[in-house]
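Here is the structure we will look at, set down as structure tokens.
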Amino acid sequence: MKNVMGIINLSAEEDLLKGITLHRPDAAVPFAGRYRLIDFILSSMVNAGIKNISIFTKNKYRALVDHLQSGKDWDLDRKRDGLFMFHPGNLKEDTSIYKGFLQSLYNNLDYIYKSKQEYVVISDANLVCNFDFEQVLNFHLKNKADITIVYREKDKNKEIEEQFFNRGLMLDLGENNQIADMIEIEADFSISKKRRLFNKKFNKRSVGIYMMAKSLLLDLINASVARGYYDLVKDGFIKNLATLNICGYRHQGYLAKIDSIESYHQHSLDLLNQEVWQDLFFNPGLIYTKVKDGPPVKYMKNAKVNNSLVANACIIDGVVENSILFRRVKVHKGALIKNSIIMQKTEIEQNVVLENVILDKEVRITKGKRLKGEPNYPVVVGKKTVI
Amino acid sequence: MKNVMGIINLSAEEDLLKGITLHRPDAAVPFAGRYRLIDFILSSMVNAGIKNISIFTKNKYRALVDHLQSGKDWDLDRKRDGLFMFHPGNLKEDTSIYKGFLQSLYNNLDYIYKSKQEYVVISDANLVCNFDFEQVLNFHLKNKADITIVYREKDKNKEIEEQFFNRGLMLDLGENNQIADMIEIEADFSISKKRRLFNKKFNKRSVGIYMMAKSLLLDLINASVARGYYDLVKDGFIKNLATLNICGYRHQGYLAKIDSIESYHQHSLDLLNQEVWQDLFFNPGLIYTKVKDGPPVKYMKNAKVNNSLVANACIIDGVVENSILFRRVKVHKGALIKNSIIMQKTEIEQNVVLENVILDKEVRITKGKRLKGEPNYPVVVGKKTVI
Amino acid sequence: MKRGDDLRKKDCVAMILAGGQGSRLGVLTQKLAKPAVPFGGKYRIIDFTLSNCYNSGLDTVGVLTQYQPLALNTYIGIGGSWDMDRKNGGVALLPPYMRKEGGEWYKGTANAILQNMDFIDSYQPNYVLILSGDHIYKMDYSLMLDYHKEKKAEATIAVIEVPWAEASRFGILNTNENGKVLEFEEKPAKPKSNLASMGVYIFSWEVLKEYLQQDEQDPTSSNDFGKDINPKMLKQKQRMYAYPFEGYWKDVGTIQSLWEANMDLLDEYPQLDLYDTNWQIYSVNPNQPPQYLSATAKVCRSLVNEGCVIHGSVTRSVLFPGVYVGTGTTIKDAIIMPNVKIGSDVVIKKAIICEGVTIADGCQVSCQEAGCQQCYSEAGITVLGKSITGTDISCHQKVVRRSSKEFEGFKGIGFNTGEILT
Amino acid sequence: MKRGDDLRKKDCVAMILAGGQGSRLGVLTQKLAKPAVPFGGKYRIIDFTLSNCYNSGLDTVGVLTQYQPLALNTYIGIGGSWDMDRKNGGVALLPPYMRKEGGEWYKGTANAILQNMDFIDSYQPNYVLILSGDHIYKMDYSLMLDYHKEKKAEATIAVIEVPWAEASRFGILNTNENGKVLEFEEKPAKPKSNLASMGVYIFSWEVLKEYLQQDEQDPTSSNDFGKDINPKMLKQKQRMYAYPFEGYWKDVGTIQSLWEANMDLLDEYPQLDLYDTNWQIYSVNPNQPPQYLSATAKVCRSLVNEGCVIHGSVTRSVLFPGVYVGTGTTIKDAIIMPNVKIGSDVVIKKAIICEGVTIADGCQVSCQEAGCQQCYSEAGITVLGKSITGTDISCHQKVVRRSSKEFEGFKGIGFNTGEILT
């Protein structure tokens, strides 16, 4: 995949994870004990041999810059190509208003022009998956597609699946993998309208990964921006449906799109299935993240931990079930944690009981306190809160 | 100097170098063949053993981020402390308006609090010097100063010196190195008023380097921001002149403050004095910059280069006098370059004549063209121009 | 040009002796230098010495290698993990090398330093700190250097109080009330003091250089600090002081002491605290997902690292990254090194399982026969250096009998068979 | 876990032989391995091979060191300068080392590879590329590897056409029209072909392994690729091909060839273009200010690096970083290595001045007596390895007579006296 450049698009972010994204973009939300959301798609690109990767941010990008730094931990600190970050409005004056993804691309057109790769893959950042980009490229070439859009089909009936197929870019797939029609389902569509569209023909959802020739992307950017259009999908894809060969590639492995607190909570707990764990972290490649120094987990005398993921440097003397513990969490004797996600450097004191909660970084729950949410409505506690 | 943290303040920048700062902050302006302005003060801090350095930017910081990256080339890519960059308005929403340096500091108060050093040195970024911070610390401690302000005294009568003392923060030094009074001379003061102030008592100019205890800085920030004041000098220093022991430290070595195109041009040509060259680049430490791969300079058969500075990877077959050539400049046969500054990747074709010009990066002057400015009014040619 | 030129000058250079074979660690050091042996669920032994250097503010460190250095070289690189990839100074790996006059291997600890005099001289240091790469401890060398300067000593030797009963197993220093060394006794039958040398020395470089050169001329010398250099210096009345160190310190040169040092970490409040962020032990960080403990797991009084998947019961044990433990398996008092795959219904007791080993379902690793030479180390600790995948399991393979349960062959979920080590 | 586990597998591993003493370079390699000798005003010789690897897309390189490796180790580190500080692969420095059975120095090129079989095996490569660290050239090894695969060869040897008149100085390969090697001739009196071996080999690893092990059993073997392995493979009818290379290539094993290769760079359009950004030669970049040419300087047909200060005249010469040239001084046909300080009114002709040397005012470096053994190298090139600061200058010091001008002692502006190199 030396001939493909990667672009990660953070422009679509709309603070869907309120409460844990106050100080960070969605892409920098901690996930799975030691990662940030962006690690999954970024590592997938690296594992596919993509060596030129850029990230187009929208706002609040400091957390992301701190996380990625020079790209060294993803092996992207390179003399040629490597990792690039483009922030809005810092090129000329900082008075410019953010207009859309295509505007960001247009502002950095020289970078895209100069890049030596022939193909480009564009991806959203909020995808939890270990994605095989090589297969998409093979599909793209085999189908002689102008644009390939990766989609998922509904295959289970879980509540969370329902949500997933109730929004976003929905595809109507025609013959020969060609997309016959597509529509962006907005949040304010009525449920009955959504159902109708889905049942009719728009029953495949784009996951937010697109592949095309770099030259075509340049054409789309120039043509759209010249007319004052700034949306890649609506202005670049849908308006050109008639003239371009746009194909759909079906992704079949594990993939979760994190776009709400509920999906964050649910998909975090997905990882407690050992098959998902194995698939997500090892297949086809490893997921990289910013490495941190820290000793192993210490299980004390009274520890009882079941069906849980635990990151390094935790010290556990309590009971933990169906939960995810990030780095340096302390669980004292007598504490009980169930169906919860506990972020970095949080301390759970003696005899605390937690169920269906999400604690952000550096929270402290003092002796004997109890917090309980519901699976579809977890209690979220903000960074550095003391309860 | 393990006990001192460094802060580089870019907030005062006002695009004084129009023409070569369209895409960059003053701090990122190329200087002396292979450096950026910020390299001098940053290297001085590093050489003094300061290991925790932060840079507070105002706008257009991408060029600076690209230049500094992880800080590796300044030996600042460290597990503890190291290099930090703080950009305005990216902490919360990007709607916030830039109010002033103290606001930036206030927005990142947690970083300053957490830093383990007891003292802080704050410096502007547009200083060309090889500064000995250890002497300032010794002076500060010996004089039991609350704040030490570094100043220069007028010691020559060159035109450029005149300019230097006609603006900025001017000090009236009393006894025991204590500052009796100070005044900020604004650009719109009449020349006669400036002269009067200077001749009276305000005859020492602050170079923009301040040292104080971290705890005092925190007090000044909190007190000022709470009242809606955001200027370090006017609100933090001048208003507290009566209650604080503010001392002046006289800097005697080479120091140039680059705040206009003319001073940029003149001070660049200062370096053609071998004593200045030696002083600036070796004494007390080395000046670091982003390293770049490139072969040595190649002098061809017709090369004739005198009283000039030449950076690596240039190929020269023409005549160069009293000039500065950045990396990868090509000078063809028959070309004549005098009193000029030629930035990176510029090509000077056959029989071109240049005198008193500043060419930004990647300019191309085609065969036989002639450009001529005056020493106090150099011709400036913008990036990527073809003439 | 004062400072510009002086940039390379360093007050003190540290030299870590990391070339020893560590033959008493048997199979553990067959393809690995002793300082590279895994320790504490995450680290390699040399991490402690390197982290001590960094935490003490020493940024110029030579690591003397000789025996099986590849893993160590790859691991240390240019020292980035210990923040020692510095422009001036940093970590240098120093193997023996050929000169114009030919080359020779390091004959002893003192000879190793002698052969690298040029390296040390290039920093023009006032002092040289000599360290071993195979001790587990946290120590601020800068305090010892202050002590050395304060005493105006030519040599300072760090000492630790050991129980009187054990003193005869150590090199013992007898000092006066000011800490001045009066006498050395190597493993004295009747020790006069309980101050044991820790193998940590500071020398004034100019003085040491002379002794090294002198010692090289002496054909009877074993070119060793403890045996030759230090006694000679004492004899010739050089100012030599003992620096008293308090805290945890352990030489992990034997299977037993290595096992004990690992177990020490499992105390409720261990003397050596790995979780103290003020004196962190740095290491190369593996890239593994968080560990997964299944519904059937039972883990307590243990250290477990990332990438582990545990279905069985683990008690008072240390698990390195990437270990898999099947259902029904019981592990107790054991050290399980990286990427070991353990099947179901296995029993492991008081054992060290080497990196990458695979243990099939139903096996039992803990020899019942106390006299069995193959399985029992001195301390009754089984060291397993080879996978058990076949049915022909015998004591001869340093492995111990299967349980009565039918052998089924190990099939981990998606794990390949580990590499065979022995 | 297909790819997760396969991560370390590499199609081809490169091994650079960098252990040679290079005794024909005399004083230049007294304290320095040959591949670390400075070249071309900026580089060290090994930069060309390392850059070729990087530019060819090879990211796994072993560098075999033995003789005076410290400068080389420090220089290469983990390969960051060549963008080879990669997570998987990268550069590994491979000195000889001790095993359980003891250690031995590298006996020959083949033995050096044999001793590092474990290292190569850890990447499970299909092919191994064997390179020398002392040739100046730009070559895309990936094309040669394609050729090797296409020919289904077991061994491929890169060859270059040399002038027929010089062919008898090289190892010559006779091939059929398809490039298949039929015969080797080492320095043949009457060469049948003008295809000379460049010392660049690709082997199929499994086949090479066998031959290395076989060769080790042969007590008469010198354990060398050119003399032993390749002839044996040919004799036993292994498929061996010659890969024709076109372009600049030079073995810089002698003073004369080193000097010539430097001078070749000064042609108006040199065959080896250092300014071509598509095949850049990477090196560790010094941190020096731009060079300063004063009002009296006269520089042409020369390469001059950063940090130089020039007041005199420099023609057809190569100046490394940090060189100072005083007023009235004339330098011609010379190579001036880093940090050499040259006073006023000095004359230097056809010479190589070693790193850090200082030359006092008025000295003349260019022996007038053609028969003088001390000053003249074979090619009439003076190599100056020692500073001239006193008045007792004689031929014996490999330095040549002062001009008649009164000796004044060199006082550079703020420069300290360079270190004496012998």
Side-chain angles (χ1 to χ4, degrees), chain B residues 31-35 39 43 72-75 130 271-283 285-317 320-328 330 333 345, chain D residues 40-43 47 51 54 80-83 265-270 272-277 280-311 314-324 412-415:
Chain B
F31 192 79
R34 58 193 287 273
Y35 304 90
D39 290 339
S43 300
K72 190 182 170 75
D73 286 324
W74 295 262
D75 213 20
N130 199 329
L271 304 175
L272 302 179
N273 174 331
Q274 203 201 319
E275 246 172 90
V276 171
W277 184 89
Q278 180 74 39
D279 229 47
L280 182 62
F281 291 116
F282 295 100
N283 199 352
L286 300 174
I287 305 300
Y288 306 100
T289 189
K290 184 177 175 182
V291 296
K292 291 203 177 147
D293 291 291
V297 177
K298 182 155 188 183
Y299 294 94
M300 310 283 278
K301 207 167 52 182
N302 307 297
K304 190 160 176 350
V305 179
N306 287 111
N307 202 37
S308 294
L309 276 192
V310 185
N312 265 1
C314 289
I315 301 182
I316 304 175
D317 206 12
V320 179
E321 280 173 33
N322 304 324
S323 295
I324 294 178
L325 272 54
F326 284 64
R327 287 155 166 158
R328 293 200 186 276
K330 272 190 196 161
K333 207 165 74 175
K345 291 189 189 168
Chain D
K42 167 152 194 192
Y43 311 93
D47 286 336
S51 300
Y54 171 59
S81 294
W82 303 270
D83 213 18
L265 297 172
L266 304 179
D267 291 347
E268 192 154 357
Y269 302 103
L272 187 91
D273 182 4
L274 295 173
Y275 298 82
D276 174 11
T277 47
Q280 208 165 340
I281 303 304
Y282 297 93
S283 68
V284 175
N285 291 293
N287 180 44
Q288 293 265 2
Q291 55 199 266
Y292 173 66
L293 275 63
S294 81
T296 56
K298 195 175 172 338
V299 182
C300 66
R301 294 168 65 208
S302 294
L303 286 177
V304 180
N305 207 328
E306 293 173 332
C308 289
V309 174
I310 301 176
H311 295 282
V314 177
T315 315
R316 201 175 173 241
S317 293
V318 174
L319 273 62
F320 285 78
V323 170
Y324 179 89
I413 300 152
F415 291 119

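Letters go in sequence order (proteins before strands), and every chain restarts at 1.
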When rounded to the nearest 0.5 angstrom, what distance separates CD in B:Glu321 from CG in D:Leu293? 12.0 Å

Proximal component of D:Gln280, with respect to chain B [non-hydrogen, under 4.5 Å]: side chain

Between D:Pro321 and chain B, with a heavy-atom cut-off of 4.5 Å, which part of the residue counts as in contact: side chain, backbone, both or neither? neither

Over all atoms of both residues, closest heavy-atom pair of B:Lys292 and D:Lys42: O-NZ, 4.2 Å

Do D:Phe320 and B:Pro296 touch side chain to side chain, with heavy atoms closer than 4.5 Å? no

Does D:Tyr275 use its side chain to pair, donor to acceptor, with the backbone of B:Ala313 at less than 3.5 Å? no

Between B:Asn312 and D:Val304, what is the shortest heavy-atom contact and its length? OD1-O, 4.1 Å

Side chain from CB out, backbone as N, CA, C, O: work out which of these in D:Tyr43 comes under 4.5 Å of a heavy atom of chain B, or both, or neither. side chain

Side chain, backbone, both or neither: which part of D:Thr277 has a non-hydrogen atom closer than 4.5 Å to chain B? side chain

Best-contacting candidate, B:Ala311, B:Gly294, B:Cys314, B:Ala303, against chain D by heavy atom pairs under 4.5 angstrom: B:Gly294

Do the side chain of B:Asn306 and the main chain of D:Ser294 share a donor and acceptor less than 3.5 angstrom apart? yes

Closest non-hydrogen contact found for D:Arg301 with B:Lys301 is CG-CA, 3.9 Å

Under 4.5 Å, counting heavy-atom pairs only, tell me which of D:Val284, D:Leu274, D:Val299 racks up the most with chain B. D:Val299

For D:Tyr292 and B:Val310: C-alpha separation, side-chain torsions, deciding distance, then whether side chain to side chain contact (heavy atoms under 4.5 Å, CB included) applies. CA-CA 7 Å; D:Tyr292 173 66; B:Val310 185; over 6 Å; no

Quick check on D:Asp47 against chain B: is it the side chain, the backbone, both or neither that has a heavy atom closer than 4.5 Å? neither

Leading residue by heavy atom contact count with chain D [cutoff under 4.5 Å; candidates B:Leu280, B:Asp73, B:Ile287, B:Asn302]: B:Ile287

Just jot down the side chain to side chain contact (heavy atoms under 4.5 Å, CB included) partners of B:Ser308, sequence neighbours excluded, or say none. B:Val305, B:Val320, B:Ser323

Region of D:Leu265 in contact with chain B, defined by heavy-atom distances below 4.5 Å: backbone

B:Asp293 (side chain) donor-acceptor with D:Ile281 (main chain) under 3.5 angstrom: no

Taking B:Thr289, B:Ile315, B:Asn307, B:Asn322 one by one, which has the highest count of heavy-atom pairs under 4.5 Å against chain D? B:Asn307

B:Tyr299 side, atom OH; D:Gln291 side, atom CD - distance, nearest 0.5 Å: 3.5 Å

Taking all non-hydrogen atoms of both residues into account, name the closest pair between B:Trp277 and D:Gly307 and its distance. CH2-O, 3.9 Å

Approximate separation, where rounding is to 0.5 Å, of B:Lys290 NZ and D:Asn287 CG: 14.5 Å

